[in-house]
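To start, the structure under review is shown below, and the notes come after it.
Remember, predicted model here, so these are calculated numbers, not experimental data.
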Amino acid sequence: MKAVILAGGMGTRIAEETHLRPKPMIEIGGRPILWHIMKLYHGHGIRDFIICCGFRGYVIKEYFANYGLHMSDITFDLANNSLQFHRQSAENWRVTLVDTGETSLTGGRLKRVASYLKDEEAFCFTYGDGLCDVDIGATVRFHKQHGRLATVTAVRPPARFGALKLDGNTVNGFIEKPEGEGGFINGGFFVLSPRVIDRIEDDNSSWEGEPLTGLAEDGELQAFMHEGFWQPMDTLRDKNLLESMWSSGNPPWKIW
């Protein structure tokens, strides 16, 4: 099975980090968040990736062009202009990098990679800026069992602010990390039939707009409920939170 990852956005809400690189290349623990997402899929047996590039896509291409160098011990023989690879720890990934336009919206980017998915029964699809510990294998099995066109992972949003414990107008205390507001939201980890791409009009189509709402209206969208960890990286605060989790030595999304 293939996994399509959106990696073309400008990340304007985290401009401190994205003025020189696309948002999915922001590093957590010294590795791009894109790498962490791919490792999550790899942990569930998916090794074939299609990356939808856009804003500063060359940064992503250069990263993977030199990935073997990054992940290996190497001897450079400068006199003979040669190199010798020693220990190599690069993953056995197949990575297809596709230029899907600098300003294309999320649906438009997916439509641009349709030719790479035409022979697939189903594929995984996600954004390049969120981490979770969802069981990808279970979402795929769930998708195959219900037989509809699309599966979305439903998650509870993390609370961004502390809350007051109130008794009427009296403050009894504070809740540092309250539960989400109770409702589930789109967690961004999809399993889709390639047939959903026919619902996308052009580059100006947002996946979260008509394609997704239309699938829901037609009864073709099922939700896989995920009660575990999920954290987007929308702001510098989110990035620092993920960095602190990684530094703790036990980040909740690390299954490898």
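Within the structure, every pair that satisfies the salt bridge (Lys or Arg N to Asp or Glu O under 4.0 Å) test and touches residues 27-46, not counting sequence neighbours, is listed here: Lys39-Glu91. Sequence neighbours left out, the pairs with a member in residues 110-120 that pass side-chain hydrogen bond (donor to acceptor under 3.5 Å, both in side chains) are Arg112-Asp203. Counting only residues at least two apart or in different chains, salt bridge (Lys or Arg N to Asp or Glu O under 4.0 Å) contacts with residues 128-141 comprise Lys23-Asp129. Listed by first and then second residue, the side-chain hydrogen bond (donor to acceptor under 3.5 Å, both in side chains) pairs that reach into residues 243-256 are His36-Trp253, sequence neighbours excluded.
Evaluation of the side-chain contact (heavy atoms from CB on, under 4.5 Å) rule for Asp77 yields Ala79, Asn80, Ser82 as partners, not counting sequence neighbours. Take Asp218 and apply the side-chain hydrogen bond (donor to acceptor under 3.5 Å, both in side chains) test, not counting sequence neighbours, and it matches Arg199.
Between the side chain of Thr151 and the main chain of Ala223, no donor-acceptor pair closer than 3.5 Å is present. In this structure, Asp238 contributes its side chain and Thr235 its backbone to a donor-acceptor pair below 3.5 Å. Formation of a donor-acceptor pair under 3.5 Å by the Arg109 side chain with backbone atoms of Gly101 is found in this model.
Between the side chains of Ser205 and Glu210, no donor-acceptor pair is found at a separation under 3.5 Å.
Phe142 pairs with exactly one of Phe224, Phe190, Phe189 by the ring-ring contact (aromatic ring centres under 6.0 Å, His included) rule, that one being Phe224.
At a threshold of 4.5 Å between non-hydrogen side-chain atoms, the residues Phe123 and Pro194 count as touching.
Contact between Ile5 and Gly128 at its shortest, heavy atoms only, is CG2-CA, 3.8 Å.
Taking the six-membered ring where the residue is Trp, Phe125 and Trp207 present perpendicular rings, their angle passing 60° and hence far from 30°.
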